[in-house]
Amino acid sequence: MLDFFRDGFYKDLALLLVITILLGAGFSQGTAWAIDEYFGDTLDQMIGEYGEYDLMLHIREEAVDAALRELRRIGEQSFPGYKLGQTLTIAGQANVFFGLPPEYRTREVFESITSYFGAVPGLSGYTLMVQPSVLIRGVHPGVRDELIERIEALPAVRFAVKDGSNLVVLAQSEDDLPKASAQIEDILGQYQILELRFPMGFAVDTQEVGERALEVLRTQAGSSGSRFANVTSAQYGEDLDAFLKTLVEMRDFLGSYASKVRISPEPGVGLAIGERLVLKGAGQSEGELIVEVTGVFSGLGEGMIIEGSPVQSTDRVVYRGFRPADNGELGEFIGEVEIENERYRLAYAVDESLRLLGELEELAVQASAAVDNAEAVLVTFQEALLQLEVLQVQMRQLNEGIANGEAKPTGEQFLVSLLLNGLLQTLAKGVLSSGEESLDSLENLDIEEMRRSLNGISTQIANVQQIDVAAIMEQIGFVRDTLPDLSDAEIGQSIRLINTYLGGQVIPGERVQLLIRGERLNEKELERTFQEELGNSYLHTYSTSAGMVSPDARGEIFRILREVRSIVAGLLAIIFALIVLVLDHATIFSTLKQLRAGRRFQKRPLLRWADPLLLLGGAVGSVLLSSIYHLAGGEIPFCGPVVISLLGFGMGVLVVALSERFSPVDSMELMAAQALGLSNVQLMREVVIPPSRPGLLNLLNRWKQQF
Amino acid sequence: MLLEIRDLHKSYGKTTALAGVDFDVARGETVVIMGPSGCGKSTLIRCVNRLTEPDSGSIVLGGRDVLALQGKELQDFRRRVGFVFQHFNLIARLTALENVMFHLVMGGMEREEAAERALAALDRVGLKAAAERRPDQLSGGQQQRVGIARALVSSPEIMLWDEPTASLDPILVGEVLEVMEELVEHSGTTMVIVTHEVSFALRAADRIVFMDRGQVVEEGEPERVFAEPRSEIARLYRKLLIS
């Protein structure tokens with residue numbers, strides 16, 4: 001078969017291979033480079049060049065103009081030589097870069113970012129992007145200060161700054177980054193956070209359990225020093241915890257706010273939690289309700305309305321409960337169901353309170369007027385009493401004169417005496433038997449005490465009037481208005497949703513976190529010990545690191561871009577090699593197949609299988625692909641030189657096997673050319689290649705073709 | 001003898017095409033090979049110019065051991081052997097003239113000289129006027145005449161014809177046979193013609209060779225083999241001739 005190439009076609013083939021390799025490498029590398037440049041430029045526009053900016057401020061879109069003005073002012077006042085740039089606006093949030101001059105890239109400045117930029121209009125947060133730096137994510141608060149101290153002691157590190165739950169570690173120089181990263185990783189590896197998680201519903205005193213757990217650890221590890229620490233409290237402010245607790249509270253609130261459903265099953269009827277019942281009211285106005293059984297206690301059931309609304313009444317409403325039948329009709333009667341509408345009762349009580357307060361103000365005014373009137377009556381009464389006393393003395397003297405015969409009463413004096421006694425009797429409500437006794441009784445009345453009482457009432461009424469009833473009414477009205485306007489069905493569905501979410505959470509219960517310094521412990525081996533020692537077989541142990549070194553985002557993006565470029569170059573090299581094999585080399589392989597058709601039949605099976613043409617195709621494919629791939633700088637993961645070489649070989653073999661389909665050669669023309677005594681190179685240049693598929697082989701052949 | 005073939009064997013896998021053929025052709029002689037399809041006729045003449053490689057045996061042409069030729073010697077040898085194909089085997093993208101002069105130029109002849117000779121050859125087969133036409137613009141008979149001109153143009157020592165009329169319409173067969181008979185009569189070139197045209201063989205052949213199952217079963221002068229056929233194949237062709 002090699003004879004075929006000897007008479008000159010080897011030169012054509014060699015030229016084709018060289019040009020193919022150079023073109024393929026150039027094309028693959030060039031395209032990959034263009035992609036890299038395009039994305040690189042785009043990224044520079046998006047995130048700035050390396051070290052150009054130190055902060056990315058996230059600002060509400062509508063406030064961005066004001067924010068930029070304020071940032072310029074801050075820059076001119078506090079950071080002369082600053083740089084400002086605006087990048088993408090995403091979901092209504094503009095992002096603005098702020099670059100500090102080198103002399104301001106200090107710990108003090110980075111720790112005071114909020115005080116510098118806190119007043120920027122529309123600011124919703126910021127991201128530190130100072131370079132060169134190492135970012136440590138998720139640093140546990142219980143070990144943060146210790147970590148900062150140790151990290152700052154590293155020679156390659158300038159300082160470390162807290163950024164939320166992260167630490168940004170500034171390296172001395174970009175060259176120091178790998179070293180600093182490695183050393184920080186080493187330090188982080190010396191800390192382990194061991195977490196003991198208790199299932200939901202377990203009330204755990206985390207401090208006490210934490211101390212007991214520490215004792216267990218110390219006993220286990222035979223260490224009594226400062227190797228272990230309880231860092232549970234440091235983690236309490238964590239967002240997820242707070243969120244879950246809020247959700248639980250919200251669920252409990254909604255549960256207490258929803259209508260109470262009490263199910264009294266008929267004898268012999270059992271209820272299952274989660275079961276749904278259909279409630280039918282007695283009257284037409286009471287529509288159907290769907291209730292889910294949420295609990296069964298001593299045969300009685302509790303439930304939650306998930307469809308429909310009960311009658312708005314402060315009284316209990318009794319429904320008849322049925323199991324739903326498959327056909328949508330009512331099924332088995334299960335018993336009576338009482339519903340108390342707590343929400344309606346609350347609204348009723350609030351409305352009544354408002355009415356009461358409205359009446360109270362009027363009542364106070366009227367009471368004040370009544371007290372004033374009473375006081376006036378009392379004064380009049382006291383004056384009348386004094387005049388009566390005078391009159392009584394005169395009457396006594398008149399009576400004594402008449403008795404001694406010294407005076408004879410006139411008819412008028414006798415009449416006055418009779419009237420006065422009658423009046424006094426009336427005043428004393430008939431208790432007194434004579435005018436003198438009556439006056440004595442009146443004199444015994446404690447007028448001063450009565451006046452003090454009236455004064456006391458008056459003061460209290462004045463106090464009531466000073467109360468800002470309007471404000472109370474307004475606030476009660478506000479409370480009434482802010483009560484959730486939810487139907488029972490909506491409350492029921494909300495509770496179900498919250499339960500579903502809580503059920504899906506992996507951190508539902510209490511947890512205790514222990515810091516372990518030095519050698520790491522196997523948390524799974526400790527789990528059983530903790531379960532036994534802490535008397536809780538449901539607790540589980542998990543281990544996390546004290547923080548994770550996160551690659552520099554910008555560097556990572558550019559590294560990914562470089563990888564993408566290499567992968568693209570590699571893929572293009574493979575595609576290019578395959579195209580060349582199909583368009584150009586398939587023609588050669590196809591011709592070789594035709595030419596050997598008339599050769600002697602190979603009787604030795606081994607040689608029949610070790611087809612030289614397949615080997616040739618494999619070799620060409622392997623050389624082509626390997627050369628293009630490596631010259632183009634291709635790097636596909638898991639595709640080393642051997643893999644690429646084998647891939648090229650496989651491609652070559654495949655193209656040989658299918659060469660007649662890819663590039664059929666006219667066997668009659670070929671035979672004629674042979675019969676006419678054409679050399680192989682002439683045969684290829686004049687007969688085979690000209691009508692073949694357009695490709696490099698065809699193009700290069702045009703300079704040599706005579707016909 | 002110009003051509004001497006001895007004990008020639010050729011198999012395609014398990015199928016035997018030639019099973020020890022002995023065959024001679026004298027210079028200037030016109031030999032017609034006849035036999036049923038698959039009897040090895042075409043394989044035999046293709047072995048002569050090494051379009052098919054025999055498995056064993058020997059072929060000597062003009063004193064040269066054909067099977068020993070390699071590379072340029074083989075190419076030179078093939079230029080001295082004219083070959084006319086059953087399916088014409090013209091190069092589709094070339095004109096009739098280019099098809100005829102093509103191998104002359106490839107053999108090193110000046111283009112003008114080659115064109116001149118090609119035109120003369122085309123003239124000889126009556127196709128000078130169609131020199132600039134491409135094969136797809138010619139009829140089957142015309143294409144075959146171009147093929148004959150192409151074989152003739154290099155003045156070969158021997159011309160091998162592989163069933164030149166087999167793929168032609170019966171109407172077109174005549175014009176090709178006419179050219180062939182004229183060449184046989186006037187060119188003086190040694191010819192080995194594989195054909196089923198019995199009357200042509202009777203008229204044109206110096207000797208007829210009958211083959212069956214990869215072997216020569218009978219040979220002789222046309223009058224003799226048709227008058228006194230000794231093999232079954234010869235008898236069949238005699239019947240064909242009579243009918």
Side-chain angles (χ1 to χ4, degrees), chain A residues 1-10 12 587 591-605 607-609 611-612 664-694 698 701-702 704-707, chain B residues 9-15 17 43 45-56 70-95 97-108 111 114 135 147 150-151 153-154 156 160 162:
Chain A
M1 188 185 63
L2 291 175
D3 293 345
F4 177 80
F5 299 98
R6 282 195 183 130
D7 69 0
F9 190 63
Y10 71 92
D12 295 35
T587 307
T591 307
L592 285 169
K593 271 189 179 178
Q594 291 281 353
L595 291 179
R596 73 175 183 177
R599 299 285 166 90
R600 290 184 186 94
F601 183 71
Q602 184 54 260
K603 287 179 181 171
R604 283 175 292 184
L607 289 177
R608 229 184 298 164
W609 285 110
D611 185 341
V665 172
D666 188 327
S667 59
M668 291 184 189
E669 290 189 2
L670 198 62
M671 193 181 283
Q674 277 188 292
L676 292 169
L678 266 64
S679 66
N680 291 326
V681 65
Q682 288 171 336
L683 181 145
M684 290 303 293
R685 287 177 183 174
E686 302 295 334
V687 177
V688 174
I689 298 172
S692 70
R693 292 187 185 280
N698 198 304
N701 190 63
R702 289 187 188 174
K704 300 163 190 165
Q705 194 176 322
Q706 295 187 51
F707 281 88
Chain B
H9 286 81
K10 174 68 184 176
S11 297
Y12 298 103
K14 290 179 181 173
T15 307
T43 301
I45 62 168
R46 286 180 187 203
C47 283
V48 173
N49 75 343
R50 299 271 299 275
L51 289 176
T52 297
E53 292 289 342
D55 296 335
S56 63
Q70 291 296 332
K72 196 160 183 337
E73 283 181 341
L74 178 62
Q75 290 154 20
D76 290 341
F77 163 75
R78 281 169 168 167
R79 284 193 192 104
R80 291 197 296 275
V81 178
F83 202 104
V84 179
F85 295 91
Q86 178 181 337
H87 298 290
F88 332 131
N89 293 31
L90 300 179
I91 294 169
R93 68 184 182 86
L94 302 182
T95 62
L97 179 66
E98 287 170 333
N99 261 290
V100 178
M101 64 185 279
F102 174 62
H103 63 292
L104 300 179
V105 175
M106 293 295 114
R111 210 175 173 99
R150 182 176 64 182
V153 73
S154 53
L160 307 172
D162 186 10

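Each chain gets a letter, A, B and so on, in the order its sequence line appears, and its residues count up from 1.
Interface summary for chain A: among B:R111, B:H87, B:R46, the most heavy-atom pairs under 4.5 angstrom belong to B:R111. Highest contact tally toward chain B, considering only A:P691, A:S667, A:A673, A:P690, is held by A:P690 [criterion: heavy-atom pairs under 4.5 Å]. Ranking B:F83, B:F85, B:F88 against chain A, the residue ahead of the rest is B:F85, based on heavy-atom pairs under 4.5 Å.
With a threshold of 4.5 angstrom between heavy atoms, B:A92 approaches chain A through its backbone and through its side chain. Only the backbone of B:L90 comes within contact range of chain A, with heavy atoms under 4.5 Å apart. Contacts between B:I91 and chain A at a heavy-atom distance below 4.5 Å involve backbone atoms as well as side-chain atoms. In this structure, no portion of B:R50 lies under 4.5 Å from any heavy atom of chain A. Residue A:D666: no heavy atom, backbone or side chain, is found under 4.5 Å from chain B.
The shortest side-chain heavy-atom distance between B:Y12 and B:T52 falls under the 4.5 Å cut-off. With contacts defined as side-chain heavy-atom distances shorter than 4.5 Å, the pair A:Q674/A:L683 qualifies.
Closest non-hydrogen pair, B:P156 versus B:G82, comes out as CB-N, 3.3 Å. Closest non-hydrogen pair, B:S154 versus B:L104, comes out as CB-CD2, 4.0 Å.
Taking a cutoff of 4.0 Å between a charged side-chain nitrogen and a carboxylate oxygen, B:K72 and B:D76 qualify as a salt bridge.
Although no hydrogens or angles enter the test, the distance criterion places no donor-acceptor pair under 3.5 Å between the side chain of B:R150 and the main chain of B:N99.
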